Q: 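Input: one structure, supplied below.
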Amino acid sequence: MSLPHLEGLIAAPFTPMHADGSLHTEMIPAYYALLKSNGVKGAFICGSTGEGVSLTAKEKMAVITAWGKVASS
């Protein structure tokens with residue numbers, strides 16, 4: 001089995017949140033556009049920035065869904 005080799009910058013973006021700690025997924029399209037315009041080739045969503053382990057499964061799915069929508073458009 002051959003796996004594709006990752007190339008380019010892979011970012012670990014922060015999960016955008018409101019001041020009260022709730023998710024601010026409406027910010028993800030602009031975040032995606034910023035990363036893409038700066039040459040970022042991929043993103044490690046809910047990854048190594050630390051807040052991912054603090055999110056519920058439902059919150060993680062909301063974040064993943066929001067990123068998936070903008071990445072597939």
Side-chain angles (χ1 to χ4, degrees):
M1 180 166 106
S2 178
L3 298 175
H5 181 74
L6 294 176
E7 293 185 20
L9 181 62
I10 307 296
F14 287 100
T15 300
M17 296 184 179
H18 293 281
D20 66 0
S22 62
L23 295 178
H24 190 11
T25 56
E26 302 84 9
M27 185 178 255
I28 290 174
Y31 205 168
Y32 171 85
L34 174 71
L35 293 175
K36 189 169 183 173
S37 72
N38 281 288
V40 174
K41 300 297 182 189
F44 185 39
I45 306 306
C46 296
S48 66
T49 55
E51 78 279 1
V53 297
S54 300
L55 298 175
T56 66
K58 186 176 179 179
E59 289 171 324
K60 288 178 189 176
M61 286 306 300
V63 172
I64 292 165
T65 299
W67 278 98
K69 284 180 183 175
V70 295
S72 64
S73 59

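Being a predicted model, the structure only gives us computed values, none of them experimental.
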Q: Side-chain heavy atoms nearer than 4.5 Å, only ILVMFWY residues, links allowed to pass through others: does that put F14 and I45 together?
A: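 Linked within one cluster.
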Q: Residues in side chain to side chain contact (heavy atoms under 4.5 Å, CB included) with E26, at least two apart?
A: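 For E26 the side chain to side chain contact (heavy atoms under 4.5 Å, CB included) partners, ignoring immediate neighbours, are H18, H24.
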Q: Find the distance between OG1 (T25) and CD1 (I64) and round it off to the nearest 0.5 Å.
A: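 Answer rounded to 0.5 Å: 12.5 Å.
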Q: Mind checking whether V70 and M17 sit in one hydrophobic cluster, side chains of I, L, V, M, F, W, Y counted as touching below 4.5 Å?
A: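 Yes; tracing contacts between hydrophobic side chains, which count when under 4.5 Å, links both residues.
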Q: Strictly distance-based, threshold 3.5 Å: is any side-chain N or O of Y32 a donor or acceptor partner for the main-chain N or O of K69?
A: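 No, because the side chain of Y32 does not come within donor-acceptor range (under 3.5 Å) of the backbone of K69.
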Q: Rounded to the nearest 0.5 Å, what separation is found between the CG atom of L35 and the CD1 atom of I28?
A: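 Rounded to the nearest 0.5 Å, the CG-CD1 separation comes out at 11.0 Å.
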Q: Minimum heavy-atom separation for L34 and N38, please, with both atom names.
A: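 Nearest pair, atom of L34 first, then N38: O-ND2, 2.8 Å.
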Q: Minimum heavy-atom separation for K60 and G52, please, with both atom names.
A: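 Heavy atoms only, the tightest pair is CE-O, 2.8 Å.
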Q: Whether the side chain of D20 engages the backbone of S22 through a donor-acceptor N/O pair (distance < 3.5 Å, no angle test) should be reported.
A: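 Yes; at least one donor-acceptor contact below 3.5 Å.
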Q: Tell me, do L23 and L55 make a side-chain contact under 4.5 Å, heavy atoms counted?
A: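 In contact.
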Q: Which of these, P13, C46, S72, P29, sits in a side chain to side chain contact (heavy atoms under 4.5 Å, CB included) with W67?
A: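 Between W67 and the candidates, side chain to side chain contact (heavy atoms under 4.5 Å, CB included) is satisfied uniquely by P13.
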